[in-house]
Structure formats: C-alpha cells, structure tokens
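All remarks here apply to the structure that follows.
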There are 2 protein chains.
Amino acid sequence: MHFSKTSEYAIRVLSYLSVHNESLHSVNTLHKELDFPYKYLTKLMTGLTKKGLVISNRGREGGFSLARDSKDIYLNDILNAVEDSGVNEDERCILGFDKCDSTNPCMLHDKWIKPKTLIDDMLLNTTLAELARSNKKI
Amino acid sequence: MHFSKTSEYAIRVLSYLSVHNESLHSVNTLHKELDFPYKYLTKLMTGLTKKGLVISNRGREGGFSLARDSKDIYLNDILNAVEDSGVNEDERCILGFDKCDSTNPCMLHDKWIKPKTLIDDMLLNTTLAELARSNKKI
DNA sequence: AAATAATACTACGATAAAGTACTAATTATC
DNA sequence: GATAATTAGTACTTTATCGTAGTATTATTT
Ligand code: SF4
Ligand code: SF4
C-alpha cells in the first residue's frame with residue numbers, strides 16, 4: 001500500500017527540479033543531492049524526457065530541467081509517466097480485480113471509496129509548484 | 001498504490017470464510033470458489049493458521065474456519081499477518097522513506113496526511129463481519 | 001488395516017521490479 | 001581538433017514477489 005520506488009524517485013527528483021528551477025541539473029548532481037542510484041536515475045530521467053516531463057541538454061554543462069511550468073505538472077502526470085502498465089493510477093482499484101464492474105461492486109468498495117476519493121483528489125490536484133511552495137524536505 | 005496479490009488473496013479468502021462461516025472449507029473449495037492458484041493458496045492458508053487467524057482441520061472432511069469471531073478480525077490484522085517485513089501497514093508511509101522524522105516532514109506530507117488518515121481508519125476499524133454484512137461480491 | 005481426502009512442509013521455477021555495467025552520442029570548453 | 005562532461009541506449013544482474021511441484025502428515029471413512 002505504497003508507491004513503487006520508481007514512483008518515489010520520480011516525484012522527488014521532479015520536486016527537486018521544481019524547487020531549483022533556475023538552472024540545469026546533471027544526473028550526477030541529482031544523484032548526490034537525493035541519494036538515488038546513479039545509473040537507475042539516468043534511466044529514469046531518460047524516460048521522463050521521453051514522456052515530455054523534463055527537457056534534457058546533452059554535453060558538457062548539460063543537465064535536466066522541467067519541460068513546463070511547475071504549476072502545470074500534477075502528481076498524477078508523474079505517476080502515469082513512470083508506470084508503463086497502461087493502467088492509469090487514478091483508475092486503479094485497491095484489490096486490483098481484472099474486471100471491476102461498478103454496478104456489481106466488491107465487499108470492500110464502500111469502505112474503500114472514501115480514501116480512494118481523497119487519494120485521487122490529491123493526485124489530480126496537487127502540482128509540483130504547490131509542493132515546492134511548502135519549503136519542506138524533498 | 002494498491003495491495004499486493006498476497007494481501008488481496010488473504011482479504012478475500014477470509015471474507016469468504018466469514019460469509020460462509022457455518023462449515024469448514026477445504027483449500028480445493030476455496031480455490032474453485034475464488035479462483036486463486038491452488039498451491040499458493042495452500043501456502044497462504046498455512047501461514048494464516050500460524051498467525052492464528054484461521055484454524056485448520058486436517059484429514060478427510062477437514063478444512064479451514066476462522067479462528068475467532070469475524071467481529072474481532074480487522075483488515076489491519078490481515079495485512080500484518082501476510083507481510084513479514086515487520087513494518088506495520090498502518091505505520092507505513094506513502095514514499096517509503098527509511099527514516100521519517102515527523103518533526104521534519106517531507107513536501108508531500110501535508111497532502112498525504114488526509115488520505116492516509118482515512119486509509120488507516122479503514123484498515124483499523126473495518127472488520128470481516130462488516131464486510132460480510134454488505135452482501136456484495138467477494 | 002486400507003483407502004481417501006485433507007493440511008503441512010520444503011524446495012524449486014517464473015516473473016517483474018530494482019539496480020549495475022558498459023558503451024555510444026552529444027556539446028561546451030580548452 | 002582534442003578533451004572532458006554530460007545524456008542516451010542496451011544488456012545484464014540482483015532481488016522480491018508470485019506461483020508450481022512433490023512429498024509427508026493427519027484424520028475420516030470404509
Ligand atoms: S468494487 Fe470497488 S473496491 Fe472492489 S474491486 Fe471494484 S473498484 Fe475496487
Ligand atoms: S513526511 Fe509524511 S509523507 Fe513524507 S515520508 Fe514522512 S510520513 Fe511520509
């Protein structure tokens with residue numbers, strides 16, 4: 001009942017880019033600042049580039065920056081970018097039933113619907129800009 | 001952001017036992033009814049027996065039944081029984097930080113605290129009896 | 001006592017997620 | 001142009017989760 005490591009990395013690294021938005025940041029820098037595995041982070045950043053969340057600048061003095069304004073990047077965008085299962089995070093069910101017919105819900109549904117609504121609300125309405133504004137630990 | 005397969009199996013099989021509490025149910029029956037992998041279910045049930053959630057009756061005409069009244073079995077008990085990481089499900093954080101100092105919270109904390117509270121509430125206060133009462137699909 | 005139907009146990013295999021190694025391509029600086 | 005610092009890409013290894021196989025043990029029925 002938690003995000004995958006990859007999702008955690010993605011959220012945190014994009015938060016970092018959002019807070020330090022004045023310049024480019026190399027994978028090496030991000031690796032040192034956030035203490036994520038260097039090579040894994042490289043792969044992750046390549047993926048985020050392909051998904052259009054960050055812009056990469058190759059070569060010496062290169063690095064990464066956010067592809068669009070942090071006000072326009074939602075947590076939901078990030079989660080959907082890193083997971084390639086094709087299932088949207090906000091459509092996912094707690095029990096992961098293959099077919100979930102809402103007209104024939106399972107026993108947990110009534111109990112799950114309230115937390116689920118709040119989670120979806122968080123994912124769909126929280127932007128990187130908001131997170132950055134909190135001035136908390138990344 | 002969902003339960004593990006094992007957790008799903010555990011919740012659903014115990015729900016089944018809760019609804020059909022009048023008799024014993026063999027692994028074979030449960031396998032057919034719920035369509036979980038037979039051998040995996042055997043292992044799971046052995047584990048649930050050791051954790052004291054169900055009682056096993058060996059031999060012909062044997063099977064499993066709940067170890068205590070379904071009013072006294074909470075979702076949280078089930079999750080903690082099947083995960084052997086030692087981390088209590090209700091103490092777990094969304095980002096899975098190794099050390100989370102609540103006096104020095106991360107950026108997501110304020111956004112996460114409300115959904116988290118509802119999830120904990122669901123896990124800590126929902127009993128199998130309640131689920132069974134809903135008369136919904138298992 | 002034998003046959004049967006059930007759980008209990010241990011070890012192994014398959015799959016997916018996480019992490020590592022190595023090399024190629026790109027670009028600023030010298 | 002050479003060099004150094006960076007991203008990009010591919011393939012591999014490791015780890016955890018999920019699932020399977022085979023056998024031993026137990027209890028009921030006949
Ligand atoms: S009924 Fe609700 S809780 Fe159950 S599987 Fe479907 S969406 Fe999930
Ligand atoms: S501060 Fe809150 S959200 Fe962040 S890691 Fe700790 S418990 Fe989780």
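Not measured: the values here are computed from a predicted model. Chain letters run A, B, ... following the sequence lines, proteins first and then strands; every chain starts at 1.
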Would you indicate which nucleotide in [options] comes nearest to any side-chain atom of [X]?
X: B/S26; options: C/dA6, C/dA28, D/dG19; value: C/dA6
X: B/S4; options: D/dA4, D/dC18, D/dT29; value: D/dC18
X: B/E61; options: D/dT29, C/dT7, D/dA4; value: D/dT29
X: A/V27; options: C/dA18, C/dC9, D/dT7; value: D/dT7

- Could you pull out all residues at least two apart from B/Y74 that satisfy ring pair (Phe, Tyr, Trp, His ring centres under 6.0 Å)?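 Partners of B/Y74 by the ring pair (Phe, Tyr, Trp, His ring centres under 6.0 Å) criterion come out as none, since no residue qualifies.
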- Item | Closest-nucleotide 5' rank along DNA chain D - winner of A/N57 and B/T6 |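 Its nearest nucleotide lies further toward 5', so the answer is A/N57.
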- Message: Rounded to whole Å, please give me the gap between CG in B/L24 and C1' in D/dT26.
- Response: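 Nearest whole value for this atom pair: 14 Å.
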- Between C/dA5 (P) and B/F64 (CZ): distance, integer Å: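 So the two atoms are 18 Å apart, to the nearest Å.
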- Item | side-chain N/O A/K50 vs D/dG9 OP1/OP2, d < 4.0 Å |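 So the side chain of A/K50 is within the cut-off, an N or O lying under 4.0 Å from OP1 or OP2 of D/dG9.
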- A/T46 side chain near D/dA8 phosphate (N/O to OP1/OP2, under 4.0 Å):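 It does, given that an N or O in the side chain of A/T46 lies less than 4.0 Å from OP1 or OP2 of D/dA8.
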- Task: Taking only heavy atoms on the protein side, list every residue of residues 28-43 of chain B lying under 4.0 Å from any atom of DNA chain D, sorted numerically.
- Result: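 The answer is B/P37, B/K39, B/Y40, B/K43.
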- Between B/E130 and B/R133, is there a side-chain N and carboxylate O pair less than 4.0 Å apart?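 Judged by the 4.0 Å cut-off on N to carboxylate O distance, B/E130 and B/R133 do not form a salt bridge.
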- Is the shortest side-chain N to carboxylate O distance from B/K114 to A/D121 below 4.0 Å?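 Answer for the salt bridge query: no.
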- Query: CG/B/L79 to CG/B/L123 distance, rounded to the nearest 0.5 angstrom?
  - Reply: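 Spacing of CG (B/L79) from CG (B/L123) equals 5.5 Å.
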- Message: What's the separation between atom NE2 in A/H31 and atom CE in A/M45, rounded to the nearest 0.5 Å?
- Response: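 Answer rounded to 0.5 Å: 14.0 Å.
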- Message: Does the plane of the ring in A/F3 sit parallel, tilted or perpendicular to the ring in B/W112? Use 30° and 60° as the thresholds.
- Response: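 The arrangement is tilted - the two ring planes meet at 30° to 60°.
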